[in-house]
Enquirer: 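Below is one structure. I have some questions about it.
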Amino acid sequence: MREIIAELTKGGITMIPLLLGSIITLAIVIERAVSLRAKKIIIPEIVTAVDRIKCPEDVRVAESICETHPGTFANVMLPALRNKDLNREELKEFIIDQGRQEVRTLERGLVGLETIAGVAPLLGLMGTVIGMIKVFNVISQEGLGQANVLSQGISEALITTVTGLAIGIPALIAYNFFTSRAEGLVMDIEKYTASLLHRIRLMTECREETDSAV
């Protein structure tokens, strides 16, 4: 471990933001891996409650279950349940607006991953340029006889390049993976909200038919 740290410190000043980027990347990956689990977002109890909606009493039960399971899914479904008396188009627009707010929660941290994936290789390249500048300065002043100094500059250039790629590539993979997972969860939420709209419409039509019959 000490040998690895010693080698990394030879990379020069650009190693500081690169190492900081690696820590941020690891933190975001762990947080997103925990937060974007399907069962953590799409709560089975809420899904079951929505599927059972047939009368106003079922709506109240579904509201209660959403209140006991707060989160992204509940934040979309609960306002829809509480505003079920709006007409279909108004309720649909209301749900869409609420869903847009919750998408931000699902995509939290992904911009950071994307930024690190793009910046880390560039920082590595900058470190490479700095290292090569040192090499050429030594050559211009001392000639080709200073092997130790030359090797130090070349080493700095190679270390920063490898480190930048080693951070940027996993960050890009993680960004694409979590973006795909977030989009999949959004589609699942849209599916269940469409089902909720359908059940509310059926319930409303049934109630109107009952009232007209009376």
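Position 1 is the first residue of the sequence, and the numbers go up from there. The basis for the numbers below is simple: all heavy atoms, side chains too, and nothing from hydrogens, waters or symmetry mates.
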Enquirer: Out of curiosity, Leu91 CG to Glu89 CD, how far, rounded to the nearest 0.5 Å?
Expert: 10.0 Å
Enquirer: Could you walk me through whether Leu158 and Thr161 pass the side chain to side chain contact (heavy atoms under 4.5 Å, CB included) check?
Expert: CA-CA 5 Å; Leu158 295 177; Thr161 300; 5.6 Å; no
Enquirer: Between Asp58 (side chain only) and Cys55 (backbone N and O only), is there a donor and an acceptor less than 3.5 Å apart?
Expert: yes
Enquirer: Does any non-hydrogen side-chain atom of Phe178 lie less than 4.5 Å from one of Val29?
Expert: yes
Enquirer: Checking the side chain of Arg199 only, and the main-chain atoms of Arg52 only, is there a donor and an acceptor separated by less than 3.5 Å?
Expert: no
Enquirer: Between Met77 and Ile189, is a side chain to side chain contact (heavy atoms under 4.5 Å, CB included) present by the stated rule, with each step listed?
Expert: CA-CA 9 Å; Met77 305 300 276; Ile189 292 174; 5.6 Å; no
Enquirer: Quick one: closest heavy-atom pair of Leu185 and Ala38, and the distance?
Expert: CD2-CA, 4.0 Å
Enquirer: Find out if a path of hydrophobic residues (ILVMFWY) with successive side-chain heavy-atom gaps under 4.5 Å connects Val186 to Tyr175.
Expert: yes
Enquirer: Would the distance check show the side chain of Ser64 and the main-chain N or O of Arg60 forming a donor-acceptor pair, the cut-off being under 3.5 Å?
Expert: no
Enquirer: Is the shortest heavy-atom distance from the side chain of Glu63 to the side chain of Leu78 under 4.5 Å?
Expert: yes
Enquirer: Within the distance-only criterion (no hydrogens, no angle test), does the side chain of Arg32 pair as donor or acceptor with the backbone N or O of Arg108 below 3.5 angstrom?
Expert: yes
Enquirer: Please examine the side chains of Leu197 and Thr193, heavy atoms only from C-beta on, and report whether any two atoms are closer than 4.5 Å.
Expert: no
Enquirer: Is the shortest side-chain heavy-atom distance between Thr160 and Met126 below 4.5 Å?
Expert: no
Enquirer: So Leu196 and Lys84, do their side chains get closer than 4.5 Å, heavy atoms only?
Expert: no
Enquirer: Under 3.5 Å, is there a donor-acceptor pair between the side chain of Arg37 and the main chain of Val34?
Expert: yes
Enquirer: Between atom OG1 of Thr25 and atom CD1 of Ile167, what is the distance when rounded to the nearest 0.5 Å?
Expert: 7.0 Å
Enquirer: For residues Leu36 and Leu106, report the shortest heavy-atom separation together with the two atoms involved.
Expert: CD2-O, 3.6 Å
Enquirer: Kindly work out whether a path of hydrophobic side-chain contacts (I/L/V/M/F/W/Y, heavy atoms less than 4.5 Å apart) joins Val119 to Leu125.
Expert: no
Enquirer: If you look at every heavy atom in Ala74 and Pro79, which pair is closest and at what distance?
Expert: O-CD, 3.8 Å
Enquirer: Which heavy atom of Ile53 sits nearest to which heavy atom of Ala62, and what is that distance?
Expert: CD1-CB, 4.2 Å
Enquirer: List the atom of Ile46, the atom of Phe73, and the distance in Å for their closest heavy-atom pair.
Expert: CG2-CE2, 3.7 Å
Enquirer: May I ask you to decide if Asn176's main-chain N or O and Thr179's side chain share a donor-acceptor pair within less than 3.5 Å?
Expert: no
Enquirer: What's the separation between atom CG in Leu122 and atom CG in Leu18, rounded to the nearest 0.5 Å?
Expert: 10.5 Å
Enquirer: Evaluate the criterion side chain to side chain contact (heavy atoms under 4.5 Å, CB included) for residue pair Arg181 and Phe177; output intermediate values, then yes/no.
Expert: CA-CA 6 Å; Arg181 177 174 289 187; Phe177 174 77; 3.1 Å; yes
Enquirer: Going from CD1 on Ile41 to CD on Glu102, what distance comes out if it is rounded to the nearest 0.5 angstrom?
Expert: 9.5 Å
Enquirer: Can you tell me how far NZ of Lys40 sits from OG1 of Thr72, rounded to the nearest 0.5 angstrom?
Expert: 9.5 Å
Enquirer: May I ask you to test the Ile65-Ile43 pair for a side-chain heavy-atom distance under 4.5 Å?
Expert: no
Enquirer: Report yes if the side chains of Tyr192 and Ile42 come closer than 4.5 Å at any heavy-atom pair, otherwise no.
Expert: yes
Enquirer: I want to check something: taking the side chain as every heavy atom from C-beta on, are Cys66 and Leu81 in contact at a cut-off of under 4.5 Å?
Expert: yes
Enquirer: Of Leu123, Thr163, Leu20, which meets side-chain contact (heavy atoms from CB on, under 4.5 Å) against Met15?
Expert: Thr163
Enquirer: If you take all heavy atoms of Gly99 and Val76, which pair is closest and at what distance?
Expert: CA-CG2, 4.1 Å
Enquirer: Using side-chain contact (heavy atoms from CB on, under 4.5 Å) as the criterion, point out the one residue from Ile24, Ile30, Ile28 that pairs with Leu26.
Expert: Ile30
